[in-house]
Number of protein chains: 2
Amino acid sequence: MTATDARTARPTGRPRPLPPLPTQAERVAELLRESLIDGVYPPGQRLSEERLCEEFGVSRNTLREAFRLLVRERLLVHQMHRGVFVGLPTSEDVCDLFKARRTLELPALRGAVDPGPDAVRLVGSAVDEGEAARERRDWWRMGTANMRFHQAVAELAGSARVNEFMSQVLAETRLVFHVMDAPREFHAPYLDWNRRIHTLLASGDPAGAAEELEAYLAASERQLLTAMEERA
Amino acid sequence: MTATDARTARPTGRPRPLPPLPTQAERVAELLRESLIDGVYPPGQRLSEERLCEEFGVSRNTLREAFRLLVRERLLVHQMHRGVFVGLPTSEDVCDLFKARRTLELPALRGAVDPGPDAVRLVGSAVDEGEAARERRDWWRMGTANMRFHQAVAELAGSARVNEFMSQVLAETRLVFHVMDAPREFHAPYLDWNRRIHTLLASGDPAGAAEELEAYLAASERQLLTAMEERA
DNA sequence: GATCGAAGTATCGTTCAACAATCCAACGAT
DNA sequence: ATCGTTGGATTGTTGAACGATACTTCGATC
């Protein structure tokens with residue numbers, strides 16, 4: 001390993017600015033969460049308490065409170081006396097994640113016989129944003145938009161708790177992309193599927209939309225699984 | 001208030017024995033979780049750090065790590081500089097919880113066209129246990145069995161993540177019972193419904209089972225809501 | 001040369017004590 | 001009765017300390 005790995009060696013002086021959230025622990029958790037989703041820390045890597053304390057400018061106790069939150073969200077895993085590591089999803093995890101997504105997204109779509117118009121609009125705007133980002137070749141924004149699309153689908157169920165669970169599932173799914181080191185344009189082909197799903201939904205055909213989504217999920221899962229097995 | 005409220009005043013000397021779990025914080029969280037589900041602490045009550053530190057025989061930092069976990073599970077709520085309080089679900093929370101349960105339980109049941117036989121057996125054993133407890137008038141065990149029944153239904157989906165989410169939702173639902181101070185035999189009438197659902201499921205009619213469960217959830221939700229509004 | 005075992009080191013797990021920030025209740029002035 | 005003010009209590013956060021555990025390094029033995 002070279003002297004300065006851009007990821008592991010970040011003793012670069014001043015603490016990062018923390019977003020304005022209630023407590024320090026939550027601020028740190030939020031910042032770490034974003035970094036994990038963005039792939040700043042590669043899956044499987046150990047996160048040193050000492051280093052991150054300095055990086056965020058908080059004490060060990062506070063950092064550990066943040067760790068607890070992210071461990072519960074499965075973005076980090078905790079090993080006794082060894083520390084916390086970035087989650088390293090396996091093929092089994094991928095299967096489980098997609099099972100969860102099917103239970104959440106498909107019924108939400110099927111049950112949207114009389115959805116609130118703003119809920120559907122939220123789905124549509126995610127599709128629009130994705131397509132706009134694709135034209136700009138802004139792959140990062142495109143990935144985010146795709147995530148927002150599925151989040152909006154789950155929100156058709158109208159339950160805050162389901163929304164939160166869905167967002168956790170999606171965050172963990174992002175870890176999978178980093179495991180297989182997917183190119184940023186990975187999601188591009190799926191945008192057309194999103195468009196189709198939204199069109200069916202908006203035209204009052206939730207069953208058809210669900211059918212499309214089912215095919216989408218099957219294809220996406222298969223692609224992820226094969227990509228992961230190639231890498232192993 | 002009398003001199004010794006069995007709930008609020010528990011400065012009774014020695015720390016409680018802690019179950020054998022990986023870390024202290026998780027042990028404390030597990031113990032607290034059980035206490036909350038059992039209604040040891042009434043909803044809305046503030047949990048003093050100082051007192052619980054002594055009760056569990058751990059330091060404030062460790063206790064706070066446990067708090068974070070339970071706050072994320074919505075069993076506790078956290079108010080800045082005021083402390084943590086036992087969750088106090090509102091009518092809206094009840095609606096949300098039942099929306100979540102519909103999203104989880106109904107598709108799990110409907111999708112159980114070819115369920116693993118052990119998964120179905122788990123549902124059945126929960127029904128048996130509930131009925132046995134009812135005959136014994138063991139209301140506490142009956143409530144637990146009812147919870148296990150719905151957990152087993154959700155497990156038909158076959159996703160560990162869904163299972164965990166479901167168990168959180170059920171734990172929070174238990175808080176609702178304590179809010180309305182439901183009598184322990186509250187669940188008794190629902191056992192017959194459980195039996196019916198399991199019979200339909202075992203006889204290869206998941207759609208019928210789902211229909212029954214839908215009626216069950218509607219009835220249960222309505223009863224809870226009216227009971228809560230009476231109390232307010 | 002490989003395997004196994006034994007110090008040594010680094011890191012985590014947990015506690016403790018301290019201080020600042022904030023809330024709350026009691027009090028007094030208008 | 002309403003509104004500041006004040007003082008006490010509790011939380012938020014830090015820093016240091018020490019035992020416990022895992023990893024590493026280094027020999028010793030086969």
Side-chain angles (χ1 to χ4, degrees), chain A residues 1 3 5 7-11 13-32 41 44-72 75-88, chain B residues 1 8-11 14-32 41 44-72 75-88:
Chain A
M1 179 193 306
D5 182 323
R7 286 200 270 261
T8 59
R10 194 205 280 262
R14 265 150 307 286
R16 288 200 238 167
L18 296 174
L21 267 174
T23 78
Q24 290 271 79
E26 282 168 62
R27 279 194 283 267
V28 171
E30 176 58 27
L31 221 56
L32 253 177
Y41 307 101
Q45 189 185 58
R46 174 169 152 270
L47 297 183
S48 155
E49 291 188 354
E50 190 181 16
R51 172 138 40 85
L52 287 179
C53 280
E54 185 178 350
E55 176 164 342
F56 293 117
V58 299
S59 77
R60 268 183 71 206
N61 291 317
T62 301
L63 179 69
R64 287 169 59 90
E65 285 187 23
F67 275 173
R68 292 277 176 197
L69 296 177
L70 298 169
V71 166
R72 182 148 264 296
L75 292 180
L76 301 178
V77 297
H78 180 186
Q79 295 189 28
M80 184 74 161
H81 284 121
R82 296 199 54 219
V84 302
F85 300 76
V86 180
L88 188 63
Chain B
M1 178 193 308
T8 58
R10 195 206 279 266
R14 265 153 304 286
R16 286 201 240 167
L18 298 174
L21 267 174
T23 78
Q24 289 271 81
E26 282 168 63
R27 277 194 284 266
V28 172
E30 176 59 26
L31 221 55
L32 254 178
Y41 306 101
Q45 188 184 62
R46 173 168 153 271
L47 297 183
S48 157
E49 291 189 353
E50 191 181 13
R51 170 136 45 87
L52 288 179
C53 280
E54 186 178 350
E55 176 164 342
F56 293 116
V58 299
S59 77
R60 267 183 74 206
N61 300 90
T62 301
L63 180 68
R64 287 167 60 89
E65 286 187 22
F67 276 172
R68 292 278 177 197
L69 295 178
L70 297 170
V71 167
R72 180 150 262 299
L75 292 181
L76 300 179
V77 298
H78 181 186
Q79 293 189 31
M80 184 75 160
H81 283 118
R82 296 200 51 220
V84 301
F85 301 77
V86 181
L88 188 65

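Worth knowing before you read on, the calculation uses all heavy atoms, side chains too, and leaves out hydrogens, waters and symmetry mates. Quick note on labels: first sequence line is chain A, next is B, and so on, each numbered from 1.
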Here the distance between atom C1' of D:dT10 and atom CZ of B:F67, to the nearest Å, is 12 Å

A:E49 atom CD is separated from D:dT14 atom C1', nearest whole Å, by 15 Å

Checking D:dT10, D:dT13, D:dA20 against the side chain of B:R46 (C-beta onward), the nearest is D:dT10

When rounded to the nearest 0.5 Å, the distance separating NE2 of A:H81 from OG1 of B:T23 is 10.0 Å

- [ ] Check the surroundings of atom CD in A:Q79: do more than 12 heavy atoms from other residues, nucleotides or ligands lie under 6.0 Å from it?
- [x] yes

Testing D:dT11, D:dA16, D:dT21 for proximity to the side chain of A:H81, the answer is D:dT21

Rounded to the nearest 0.5 Å, the CZ atom of B:R64 sits from the OG1 atom of A:T62 at a distance of 7.5 Å

### Message
Measuring only between side-chain heavy atoms, which start at C-beta, is A:F67 closer than 4.5 Å to A:E49?
### Response
yes

query: Given D:dT14, is OP1 or OP2 found less than 4.0 Å from the side-chain N or O atoms of A:T62?
result: yes

Between A:R68 and B:L69 the two heavy atoms that sit nearest each other are O-CD2, 3.8 Å

Heavy-atom closest pair (B:P22 atom, A:M80 atom, distance to 0.1 Å) is O-CE, 3.2 Å

| message | I'd like to know if B:R82 reaches the base of D:dG12 with its side chain, counting only an N/O donor and acceptor under 3.5 Å. | response | no

query: Counting only side-chain N and O atoms of B:Q79, is one of them less than 4.0 Å from OP1 or OP2 of D:dT11?
result: no

With a 4.0 Å limit, can you tell me whether B:R64 has a side-chain N or O closer than that to the phosphate oxygens OP1/OP2 of D:dG12? yes

Contacted region of DNA chain C by chain A, from 5' end to 3' end of the hits, cut-off under 4.0 Å to heavy atoms, spans C:dT11 to C:dT15

Separation of D:dT11 atom P from A:E26 atom CD, nearest Å, is 16 Å

Between CZ of B:R68 and P of D:dT13 the distance, given in whole Å, is 7 Å

Rounded to whole Å, the CG-P distance (A:N61 to D:dA17) equals 15 Å

Whichever of B:R60 and B:L63 has the more 5' nearest nucleotide on DNA chain C, that residue is B:L63

Atom CG of B:L47 and atom P of D:dA9 are separated, to the nearest Å, by 21 Å

Rounded to the nearest 0.5 angstrom, the OH-CG distance for B:Y41 and B:L75 is 13.0 Å

